[in-house]
2 protein chains.
Amino acid sequence: MGLRPRPIQVSKAYEQVSAQLESQILEGRLLPGEQLPGEVELAALFGVNRSTVREGIRRLESEGLVRRASPRKLVVSTPKARELASRNTRALRMLEVTFDQLWRVAVEIEPLAAELAARNATDADVAKLRANQARMAKATEARDDRAVVRLDLEYHSIISEATKNPALALAQEPIGILLYSGLEALLPHLPQAPARQLEAHGRVIDAVAMGDPDVARDWTLRHAVDFRRGYIMAGLPMDAPIAPLVPAAGAKAAREITTPPRDA
Amino acid sequence: MGLRPRPIQVSKAYEQVSAQLESQILEGRLLPGEQLPGEVELAALFGVNRSTVREGIRRLESEGLVRRASPRKLVVSTPKARELASRNTRALRMLEVTFDQLWRVAVEIEPLAAELAARNATDADVAKLRANQARMAKATEARDDRAVVRLDLEYHSIISEATKNPALALAQEPIGILLYSGLEALLPHLPQAPARQLEAHGRVIDAVAMGDPDVARDWTLRHAVDFRRGYIMAGLPMDAPIAPLVPAAGAKAAREITTPPRDA
DNA sequence: GCCCTGAATAGTGTCCGACAAACCGACACT
DNA sequence: AGTGTCGGTTTGTCGGACACTATTCAGGGC
């Protein structure tokens, strides 16, 4: 029959608290930086118990809409890029995204990021890139794979920031992080990869420093294509989740919560 | 002196609760769908009070790592794309992203989305697109601007879903939502816009239906360029925040919390 | 007069105990 | 089988309590 029942939803008090505060923020009645009343006062204002207010606050905190400026100052805040990126990264991991899926997006968006970085980077950004490059050179020489991966992620993050484009950063960071984490699996198979990477980064950095969007874009594209080729050559699977939820087989089947509590 | 004190962080109990549960989930010891113990049991396991557990759970809920399958069943869950998108959209709004910033990303990523949709769309996706197109035609004829905007957003969302690429969807949706919300400001100035949009959508949909990635990409690119041109012609500002936090001037200066509480 | 220090204050983090409402499963009834 | 009833269980919310610490402020030292 044509009956299409919308699931009825009881709204808990703590949801209403966070929803109301959220809408006040979104409507600009509470501006970033502004301090909120204490928990007791909020509880009084909303006419609910302090515990309830606290539960509501937890949600807003976790969404980055409010944060503690100091242990006793709760202020409205704009979500921080870093935290957004890490949440999105986590989500993509859980969605079991594949190398191929990530790469297809990265191959379009990373060159764009490089281009915009070349247009908008500040001297400070360039300095950060050069510093990263120097450390990368050392890590490459020392064959320190862990460091190479870490510095590569940092490199992408600096580029991202240098674009001065939050929309791009938001789109790119999670993808970059996840994709180039796959580098770790790659390096043992391709000893020459870090050297190639070092050169590509160097070219992009120079282009960014000189404000040449085309070169920055071009070398980033090459780098991305090269990365994919390496991945294939190493015989790694393109269609398997990059970071499987169930860490292959053999892992200890301890599935319950084993946690020793606080004072461990 | 070279002393660089990292800010020491006291970890509150509720943070530890959510952090531990989160890591259990990320490590795959708790799999999506799996049910968590009740609050009292969790409290006992962690050795903390139930209130504390509840605060921890609120954070996980808000991050989409757990959800209530029914009012009494708390299950592990993978973050839902829709919720991620809306959170990211909100973040971009608060970061006061401009039309130009959004557009530069959209002009690269939307064509990619169309291409991937053409490669991967199912019959069901195509059917949804056609249904959307039909309603869009009606709304255009009726000059119902609100409906046009709503259906345009829906169109982009369907395309996004049709790519079968969560990484792309995550990157694209917030940008699309915010950018094409700007359509609302545009329409009054450009009466012919919906008709042009209708054609572009139609071409893309046909290409998706026929599995022609190049045509899909091409028409989406045109559509994006056209959109920007319209925005310029309408004299709208490219470098102003798309959705300002402070809604221009003149808005009521009621900045405190006015909220009548629960039983309003 | 200004800065430092210590007491007073206020606010958060955590716990305890309690209770109504609802949900869920089991059981009885038709 | 389907429906009604019932009771145990769990959540949502409340009130109160207490330790700890940021913050404030007043008073004393320079």
Side-chain angles (χ1 to χ4, degrees), chain A residues 1 3 5-21 30 33-62 64-77 256-257 259-264, chain B residues 5 7-21 30 33-62 65-77 256-257 259-264:
Chain A
M1 54 182 90
L3 175 68
R6 247 180 309 189
I8 75 154
Q9 43 202 351
V10 279
S11 76
K12 338 271 183 198
Y14 64 83
E15 280 176 358
Q16 295 187 43
V17 169
S18 57
Q20 284 200 34
L21 286 174
L30 291 168
E34 200 162 341
Q35 180 171 353
L36 280 94
E39 294 175 356
V40 268
E41 192 174 342
L42 281 176
L45 283 168
F46 285 107
V48 299
N49 190 279
R50 187 161 78 100
S51 317
T52 306
V53 169
R54 285 174 63 82
E55 290 187 35
I57 291 179
R58 291 300 158 260
R59 317 179 99 213
L60 296 176
E61 264 178 7
S62 133
L65 288 175
V66 304
R67 63 184 321 180
R68 306 220 85 98
S70 84
R72 309 175 64 159
K73 276 205 175 73
L74 188 65
V75 299
V76 177
S77 122
E256 353 68 82
I257 299 178
T259 69
R262 33 180 22 183
D263 45 13
Chain B
I8 73 153
Q9 41 203 344
V10 279
S11 76
K12 338 269 184 198
Y14 64 85
E15 280 177 356
Q16 294 187 43
V17 169
S18 58
Q20 284 200 35
L21 287 173
L30 291 167
E34 200 163 340
Q35 180 173 351
L36 284 114
E39 294 175 357
V40 269
E41 192 174 342
L42 281 176
L45 282 170
F46 285 108
V48 299
N49 190 275
R50 187 162 77 100
S51 316
T52 305
V53 168
R54 285 174 64 82
E55 292 187 32
I57 291 179
R58 291 301 157 259
R59 317 179 98 211
L60 296 176
E61 264 178 7
S62 133
L65 287 175
V66 305
R67 63 184 326 178
R68 305 221 86 97
S70 86
R72 314 177 64 159
K73 275 204 177 75
L74 188 65
V75 299
V76 178
S77 120
E256 352 68 84
I257 299 177
T259 69
R262 45 199 348 204
D263 44 14

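All chains are named by letter (A, B, ...) in the order of the sequence lines, taking the proteins before the strands, and each is independently numbered beginning at 1.
Distances shorter than 4.0 Å separate none of the side-chain N or O atoms of B:Arg54 from OP1 or OP2 on D:dT11.
If you take CD on B:Glu61 and OG on B:Ser77, they are separated by 10.0 Å, rounding to the nearest 0.5 Å.
If you take CD of A:Glu55 and C1' of C:dT14, they are 14 Å apart, rounded to a whole angstrom. Computed from coordinates, the A:Gln35 CD to C:dG11 C1' distance equals 11 Å when rounded to whole Å. One interatomic measurement links the two molecules: CG of B:Asn49 to C1' of C:dT12, which rounds to 15 Å at whole-angstrom precision. One can place CG of A:Leu36 at 14 Å from P of C:dG11, the figure rounded to the nearest angstrom. A straight line from CZ of A:Phe46 to P of D:dT13 spans 14 Å, rounded to a whole angstrom. Between the C1' atom of D:dC14 and the CD atom of A:Gln16 lies a distance of 16 Å, rounded to the nearest Å. At whole-Å resolution of the value, NZ in A:Lys12 and C1' in C:dA22 are 9 Å apart. Here the P atom of nucleotide C:dG11 and the CD atom of A:Glu41 are 8 Å apart, to the nearest Å.
Contact of the A:Leu36 side chain with the A:Leu21 side chain is registered, since non-hydrogen atoms from C-beta on lie closer than 4.5 Å. The side-chain heavy atoms of B:Arg54 and A:Arg54, taken from C-beta on, include no pair separated by under 4.5 Å. In this structure, the side chains of B:Ile57 and B:Leu74 come closer than 4.5 Å at one or more pairs of heavy atoms. Under the 4.5 Å side-chain criterion, counting only non-hydrogen atoms from C-beta, B:Arg58 is not in contact with B:Tyr14.
Side chain of A:Arg72, nearest nucleotide from C:dG13, C:dA10, D:dT11: C:dA10. In the set D:dT23, D:dG12, C:dG13, the nucleotide with an atom closest to the side chain of A:Arg58 is C:dG13. Candidate nucleotides D:dG15, D:dT23, C:dC15 were compared by shortest atom distance to the side chain of B:Val48, and C:dC15 ranks first. Considering only the side chain of A:Thr52, D:dT13 comes nearest among D:dT11, C:dT14, D:dT13. Of the candidate nucleotides D:dT11, D:dT13, C:dG13, D:dT13 has the atom nearest to the side chain of A:Ala13. Counting only heavy atoms from C-beta on, A:Ser51 has its side chain closest to D:dG15 among D:dT11, C:dT14, D:dG15.
Of the residues near DNA chain D, A:Lys73 and B:Lys73, the one whose nearest nucleotide (by heavy atom distance) lies more toward the 5' end is B:Lys73. Checking B:Glu61 against A:Pro71, the closest nucleotide of DNA chain D that is more toward the 5' end is the one next to B:Glu61.
You won't find any donor-acceptor pair under 3.5 Å spanning the side chain of A:Arg50 and the base of C:dG11, going by distance alone.
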